[in-house]
Amino acid sequence: MSQRLQAVRGMNDVLPQQTLRWQRLLSAARAALQAYGFREILLPVVERTELFRRAVGETTDVVEKEMYTFQDRSGDWLSLRPEGTAGCVRAGVEHGLLHNQQQRLWYAGPMFRHERPQAGRYRQFYQIGVEAYGIPGPQIDVEVIAASARLWRMLGLRDLRLEINTLGGEARVRYREKLLAYLERFAADLDGDSQRRLHSNPLRILDSKIARTQTILAGAPSILDFLDAPARTYFDALQQGLTDLGIEYTVNPRLVRGLDYYTDGVFEWITEALGAQGTVCAGGRYDRLVEQLGGGAVPAVGWASGVERLVLLLEQAERAAGIAIDDGAPHAYFCWLDQDSRRQATQQGERLRDQLPWLRLVVHAGAGMLKAQLKRADGCGARLALILGGREAAQGTVQVKSLCDGQIAEVAMSRLGAELARRLAPGGPAENSS
C-alpha cells in the first residue's frame, strides 16, 4: 500500500477558513503603505545563490545553514529566496530604478528557510517587506517605522512594543574590535554557535538566546559608548522623530540584526503573546547594500514582517474584542426543484452577482431533492436558502428561508436583490444578529 502523501515538513497549508484573515491583513498592509507612497513590486521566488551570499553574508546562519539551494539543468546554482531585500535591490539595479532616484517599494510573498518549524514560523513562510531607496537621513527611517505602527493600529494589534538600536555606522569597526577583545576572554564559556561566530561575526553573538552567553554579555561594552558625532546625531534624530509622532520605543543596545547588510539604525517590533519567538517585524538601514550588489552608493532602509505571526496576533485580537470572524461561507444557497427552475436559478444567480458584487452565492449543482439541498445549504454555512420551484417560477417569486430560525418569506424576483442586501449587506440585520 502506497504511503499517504502529506505536505513537506515546515510547508504549511492555509485552508479556506483561514485565508480571509490573510486577505484582511494584506489589504490593510496595502492601504497603510500606499498612504506613505509605497508602490508594490513583484519579485521572483528563485534567485542566483551568489546574490544571497553577497548580500546576506557568507557567515550568517541563513547562508550557512538555512537556504534551499540547488543546481539546475544548466549547471547554475540557484536558491529559493530566504528574504526579500536582496532580490528587491537586484531588481532595482537591473532595471535602473535606483540610479539618482528615490523609490518606495513594498512586496509580499513566500520566503524559504530550513529552520525548525514553530508556531507561526515555517520553512515556507510569508513576509511583507518595505524598502525605501535614495533617501538619506533619519526622517525616512522614522517614516517606515510609522508605516508599520499605522498597520498595527489598522489591524487592532496593541500588544507590540518597539525596540531600537544603532550599529554605529563607521563607529561599528571600533566597537567590533572592543567587543571581540572582551568576548575572547570568555571564549571557552560561550555556546557553540557563538564560538563559531567569534572571529567572523562577533556582533551576532549579542543576539544569542543561550543563558550562559547572555550572562557573559551582561558585562560586554555597549555600542552606544562608541558612537562618533555623525552616528550620535543620526540616532538622536531618529529618537526625536519617533517621539514627535508619539511612537513609544525602548533603546536596546544589544539589538542586532541577523543579516550582514545592516549599517546604522535597526529596530524590532516585539510581542510576548507568541511565546519565545516574539519578533513580529524587524528592519533597519543598509546604506552599502546597493553598491555591494553592483549599483551606486544609494542609501536604503526597510523592514520585513512575518505574515503568519501577524495572523496569529490578529486572531487573538479579534477574539479579545469579540469580533465575529467571517469564515468566507456563502451568504445564500439557491435551491431549485426541477430542470426549468434550475435554468432560472442559474440565470437569476448571475443577475444577483452583478447587482451585489459582495454577495457570496452558491447555486445548487448536481442532483438532489429539496431536503438534501437544504441540508447542503446548512452544511456549507449559508445564512439563507433561496427556493425556486414551478409555482414560484410561474408567479415570479422566490422563497427566502432563514437557516438560523427557519422563517420563510416569499419575495418577488424583481425585489430579490434588494431583500438580500437588506438582510446580508455589512451592518445589516443578519450580520448584527450573528
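Counting all heavy atoms, side chain and backbone alike, Leu356 lies closest to Ala421 at CD2-CB, 4.0 Å. In terms of heavy-atom proximity, Ile41 sits nearest to Cys88 at CG2-SG, 4.3 Å. Closest approach of Ala108 to Leu26, counting heavy atoms only: CB-CD2, 4.1 Å. Nearest heavy-atom pair across Asp13 and Ala7 is OD2-CB, 4.2 Å. Of all heavy-atom pairs spanning Val63 and Phe52, the tightest one is CG2-O, 3.7 Å. Pairing each heavy atom of Gln214 with each of Lys209, the nearest pair is NE2-CA, 3.7 Å.
A salt bridge does not link Glu115 with Lys65: every distance from a Lys NZ or Arg NE/NH1/NH2 to an Asp or Glu carboxylate oxygen is 4.0 Å or more. Residues Arg285 and Asp141 are paired through a salt bridge, judged by an N-O separation under 4.0 Å between the basic side chain and the carboxylate. The residues Asp193 and Arg196 are annotated as salt-bridged, a charged nitrogen and a carboxylate oxygen being separated by less than 4.0 angstrom. Glu291 has no carboxylate O lying under 4.0 Å from a charged side-chain N of Arg288, or vice versa, which leaves the two without a salt bridge. Between Glu350 and Arg353, at least one side-chain nitrogen of the basic residue sits less than 4.0 Å from a carboxylate oxygen of the acidic one, meeting the salt-bridge criterion.
You'll find the side chain of His364 stays beyond 4.5 Å of the side chain of Arg342, heavy atoms only. Inter-residue side-chain proximity for Val311 and Val14 is flagged as unmet; no heavy-atom pair is nearer than 4.5 Å. Taking 4.5 Å as the limit, every side-chain heavy atom of Leu313 sits out of range of all side-chain heavy atoms of Asp159. In this structure, the side chains of Gln103 and Glu131 stay at 4.5 Å or more apart for every pair of heavy atoms. Contact check for Val251 versus Gln239: side-chain heavy atoms found under the 4.5 Å cut-off. Side-chain contact between Asp191 and Arg212: present, with at least one pair of heavy atoms (C-beta onward) separated by less than 4.5 Å. Looking at heavy atoms from C-beta onward, Val266 lies out of side-chain contact with Val256 at the 4.5 angstrom threshold. With contacts defined as side-chain heavy-atom distances shorter than 4.5 Å, the pair Glu184/His199 qualifies.
Put simply, CG on Asp76 and CD on Glu50 are 12.0 Å apart, with the number rounded to the nearest 0.5 Å. Atom OH of residue Tyr107 and atom OG1 of residue Thr85 lie 4.0 Å apart, to the nearest 0.5 angstrom. Interatomic distance, Leu162 CG to Ser148 OG, rounded to the nearest 0.5 Å: 7.0 Å. We find the OG1-CD1 distance between Thr250 and Ile270 to be 9.0 Å, quoted to the nearest 0.5 Å. Between the OG atom of Ser305 and the CG atom of Leu151 there is a distance of 7.0 Å, given to the nearest 0.5 Å. Atom CD of Gln102 and atom CD1 of Ile140 lie 8.0 Å apart (nearest 0.5 Å).
With sequence neighbours left out, His114 forms a ring-ring contact (aromatic ring centres under 6.0 Å, His included) with Tyr68. Listed by chain and number, the residues in a ring-ring contact (aromatic ring centres under 6.0 Å, His included) with Tyr182 are Phe186 (sequence neighbours excluded).
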When you look at Gln348 and Arg351, which way does the side chain to side chain donor-acceptor pair (under 3.5 Å) test go after all the steps? CA-CA 5 Å; Gln348 183 63 21; Arg351 286 192 287 269; 2.9 Å; yes

For Leu310 and Leu157, run side chain to side chain contact (heavy atoms under 4.5 Å, CB included): C-alpha distance rounded to whole Å, both residues' side-chain angles, the deciding distance at 0.1 Å, then the answer. CA-CA 9 Å; Leu310 288 177; Leu157 305 182; 4.0 Å; yes

Go through Trp336 and Gln344 one step at a time and tell me if the side chain to side chain contact (heavy atoms under 4.5 Å, CB included) criterion holds. CA-CA 9 Å; Trp336 43 265; Gln344 289 193 46; over 6 Å; no

Would Met11 and Tyr122 satisfy side chain to side chain contact (heavy atoms under 4.5 Å, CB included), going step by step from the backbone distance to the final call? CA-CA 6 Å; Met11 310 292 180; Tyr122 303 100; over 6 Å; no

Given the rule in the side chain to side chain contact (heavy atoms under 4.5 Å, CB included) test, do Val45 and Leu80 qualify, once you have shown the distances and angles that lead to the verdict? CA-CA 6 Å; Val45 171; Leu80 298 177; 4.1 Å; yes

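Between the side chain of Arg81 and the backbone N or O of Leu43, at least one donor-acceptor pair lies under 3.5 Å. Of the possible polar contacts, none joining the Tyr175 side chain to the Leu227 backbone as a donor-acceptor pair under 3.5 Å is found. Within the 3.5 Å criterion, the main-chain N or O of Glu163 finds no donor-acceptor partner in the side chain of Asn252. Judged by distance alone, with hydrogens and angles left aside, the side-chain atoms of Arg204 form no donor-acceptor pair with the main-chain N or O of Arg197 at under 3.5 Å. Remark: the backbone N or O of Pro16 is paired with a side-chain donor or acceptor of Thr19 at under 3.5 angstrom. Side-chain atoms of His331 never come within 3.5 Å of backbone atoms of Leu361 as a donor-acceptor pair (strictly under, hydrogens ignored). Between the side chain of Arg383 and the main chain of Cys404, no donor-acceptor pair closer than 3.5 Å is present. Under the 3.5 Å distance criterion, the side-chain polar atoms of Ser79 are left unmatched by any main-chain donor or acceptor of Met67. A side-chain donor-acceptor contact under 3.5 Å links Thr215 to the backbone of Ala211. With hydrogens and angles disregarded, no donor-acceptor distance shorter than 3.5 Å links the side chain of Arg123 to the backbone of Val8.
In this structure, Trp303 and Trp152 have tilted ring planes: the angle between them lies in the 30° to 60° band.
Side chains of Arg376 and Gln373: a donor-acceptor N/O pair is absent below 3.5 angstrom, by distance only. Side chains of Tyr286 and Gln292: a donor-acceptor N/O pair is absent below 3.5 angstrom, by distance only.
A side-chain hydrogen bond (donor to acceptor under 3.5 Å, both in side chains) with Arg161 is found for exactly one of Glu248, Glu272, Glu268, namely Glu272.
Residue Arg48 places its CZ atom among 12 or fewer non-hydrogen atoms of other residues, nucleotides or ligands, all under 6.0 Å distant. Within 6.0 Å of atom CD in Gln139, 12 or fewer heavy atoms from other residues, nucleotides or ligands are found, so the atom counts as exposed in its surroundings.
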